[in-house]
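Numbering of ligands and ligand atoms starts at 1, following listing order. Everything quoted here is computed from the prediction, not taken from an experiment.
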Amino acid sequence: MAIIQFPKDFLWGAATASYQVEGAANEDGRKPSIWDTFSRTPGKIKNGDHGDVACDSYHRYEEDIEIMADLGINVYRFSVAWPRVIPDGVGEVNERGLDFYRRFIDKLLDAGIEPILTLYHWDLPQALHDQGGWANRATVDAFVKYAEVLFKEFDGKVKYWLTINEPWCVSFLSNFIGEHAPGNRDLNLALQISHHLLLAHGKTVQRFREIGISGKIGYAPNVEWKEPFSNRKEDIEASRREVGFLLDWFFDPVFKGQYPKFLVDWFNEKGGTFEIKEGDMEIINERIDFLGINFYTGSYSRYKKGHGFFDSENVDIGFAKTDINWNIFPDGFYKVLLEIKNKYGDIPIVITENGACYNNEPEFGRVKDTGRIKYFQSHLASLRRAMDSGVNIKGYCVWSLLDNFEWAHGYSMRFGIVHVDFRTLDRTKKDSFYWYKQLIRNGWYEY
Ligand SMILES: CCOCCOc1ccc(-c2cn(C[C@@H]3NC[C@@H](O)[C@H]3O)nn2)cc1
């Protein structure tokens, strides 16, 4: 057995997102987002689920914060719903929407919990989408104006700000693969959206600095690790393309002020092009204070000509899987963090999402989610390995505090350390909640 220990000043947190937990979709002036529309589109979401009620955290946030206080976290990552604050995306601020976040943030601070505020976690106002959404460059400036409302409202209360959650999911998963809202399948559209998201990120960071907001700002890309199946050149290159699709494409512009040439060339060969205007890359390259990282899974990549978009195939070497059928690959967590350090330097990192789907149900008031505890044990050990290798990790947020609306999977896939009965909305702390609580209290665990 090994003792895995973390620094006394480590940030221990949990994460959620507005559309996945709030509910109250039609209350206090909130207007539809693209996920309200997508959820109502037949066949898009498992069981026809939607976020109208979700975990009802809009009304039950005080109970949720009591649960957080019992857990002992010192940070809590959540997102603000743009359609609650500026319902039409541009124009008038909805004071009742802003009031909810005022109450919520004050309650968090009263409980001694620092907010990590994500400005955009996918719920784009439908009214903006009707004008072209992220494909329309005007949405970039609309986002900066929305962010500025929150900067000015919560300056001094919110110390940690994240611009965009998982830009890969917002651009490619949603507009090339088509699994997420709005469900397009168009490479050029996805490429242009990826650029506009990075531009929105950079402009927002610049505005944050211009108006002198205290605190730190970054973004939260998701990454996966694809280990080359062999040391053959073609397998290594296939792995680089797969990893680079999520990593290099969204990190090089921010840290190096340019897109990775090997991927630009690959996209061009597939007919993929998009417009970059003069000055865009300098804006995107605006220094950030910290980097959020979302990690779940990975695989092995093997070259296979003509297979998939990158002439590569995932090779399952017998990975254990979670209930959402994702590979359990803790070594991939270690490898991708080392890759980030080697490529992008010593930027302070907060793991803004890491967790596992296990669908255990309560039995006599207890949820024995042993698989999730094992996932945490193996992935936190990998995190310690990365830290011992010099990766500048400052904190860790489990995904998620609560079982919630898992996008295309609806409520069928549970990531929470707290079980939610979606008929009664009762919360039940799982075994993993108590394990994490003990880790936070001790700062170490035995593995
Ligand atoms: C190549 C084909 O691929 C098809 C599916 O491809 C993906 C990839 C990644 C995801 C994914 C889902 N999550 C969890 C969320 N992160 C943010 C938070 O809202 C969580 O709910 N992270 N990544 C889903 C699907």
Side-chain angles (χ1 to χ4, degrees), residues 13-22 33-35 38-39 44-46 49 51 54-55 57 77-81 116 118-124 162 164-181 183-185 187 190 219-226 238 241-247 249-250 292-299 301 304 307-314 316 322-327 329 332-333 336 351-358 372 375 379 397-417 420:
T16 60
S18 43
Y19 189 76
Q20 295 181 271
V21 300
E22 284 180 1
S33 74
I34 57 173
W35 271 96
F38 196 66
S39 298
K44 297 299 184 187
I45 312 296
K46 186 88 179 282
D49 290 341
C55 305
S57 289
R77 180 184 178 229
F78 65 99
S79 75
V80 170
I116 300 179
T118 306
L119 290 161
Y120 187 72
H121 202 123
W122 306 357
D123 38 4
L124 182 74
L162 294 162
I164 309 278
N165 182 70
E166 299 185 351
W168 180 85
C169 288
V170 182
S171 50
F172 292 104
L173 183 59
S174 302
N175 292 281
F176 181 43
I177 295 164
E179 181 173 309
H180 282 191
N184 298 310
R185 297 173 190 273
L187 176 61
Y219 69 137
N222 58 308
V223 292
E224 295 186 1
W225 186 252
K226 303 288 179 92
R241 291 192 293 272
E242 291 281 358
V243 171
F245 190 24
L246 280 74
L247 182 69
W249 191 259
F250 292 98
I293 290 291
N294 296 355
F295 177 88
Y296 291 90
T297 187
S299 186
S301 281
K304 186 173 183 179
H307 185 81
F309 186 76
F310 290 113
D311 286 358
S312 71
E313 62 177 344
N314 289 329
D316 185 346
T322 64
D323 287 353
I324 199 170
N325 203 36
W326 292 357
N327 295 336
F329 194 12
F333 194 20
V336 76
I351 304 302
T352 34
E353 286 180 33
N354 179 242
C357 172
Y358 286 96
R372 181 172 286 104
Y375 181 98
H379 286 72
C397 294
V398 300
W399 183 268
S400 176
L401 177 75
L402 303 170
D403 293 335
N404 60 59
F405 178 82
E406 181 49 41
W407 310 112
H409 298 281
Y411 299 102
S412 69
M413 294 295 166
R414 295 173 177 272
F415 279 83
I417 58 173
V420 177

Are [X] and [Y] linked by a side-chain donor-acceptor pair shorter than 3.5 Å?
{"X": "Tyr411", "Y": "Asn404", "answer": "no"}
{"X": "Asn175", "Y": "Asn184", "answer": "yes"}
{"X": "Asn294", "Y": "Asn165", "answer": "yes"}

ask   = Is the closest heavy atom of Asn294 to ligand 1 under 4.0 Å?
value = no
ask   = Any non-hydrogen atom of Phe245 lying under 4.0 Å from ligand 1?
value = no
key: Qualifying salt bridge (Lys or Arg N to Asp or Glu O under 4.0 Å) pairs with a residue from residues 398-411, counting only residues at least two apart or across chains   = Asp403-Arg414, Asp403-Lys430
message = Going by the closest heavy atom to atom 11 (C) of ligand 1, which one wins out of Trp326, Phe309, Tyr296?
response = Trp326
query = With respect to atom 2 (C) of ligand 1, which of Asn314, Asn222, Ile177 exhibits the smallest heavy-atom separation?
reply = Ile177
query = Given the side-chain rings of Tyr219 and Phe250, with only the six-membered ring counted for Trp, is the space between their centroids under 6.0 Å?
reply = no
ask   = Between Trp326 and Tyr358, is the gap from one ring center to the other below 6.0 Å?
value = no
Find all atoms of ligand 1 within a distance of less than 4.0 Å from any non-hydrogen atom belonging to [X], and give their numbers and elements.
{"X": "Trp168", "result": "8 (C)"}
{"X": "Trp399", "result": "18 (C), 19 (O), 20 (C), 21 (O)"}
{"X": "Leu173", "result": "5 (C), 6 (O), 7 (C), 24 (C), 25 (C)"}
{"X": "Gln20", "result": "18 (C), 19 (O), 21 (O)"}
{"X": "Asn165", "result": "17 (C)"}
{"X": "Glu353", "result": "15 (C), 16 (N), 17 (C), 18 (C), 20 (C)"}

task = Could you give me the CA-CA distance, side-chain angles and deciding distance for Ser79 and Ser18, then say whether side chain to side chain donor-acceptor pair (under 3.5 Å) is met?
result = CA-CA 5 Å; Ser79 75; Ser18 43; 2.8 Å; yes
ask   = Identify the closest protein heavy atom to atom 14 (C) of ligand 1: which residue and atom is it, and at what distance?
value = Glu406 OE2, 3.5 Å
message = I need the minimum non-hydrogen distance between Val243 and Lys226, along with the two atoms involved.
response = CG2-N, 3.4 Å
key: Side chain, backbone, both or neither: Asn404 near ligand 1, heavy atoms under 4.0 Å   = neither
key: Within-cut-off N or O pair, Glu179 and ligand 1, under 3.5 Å   = no
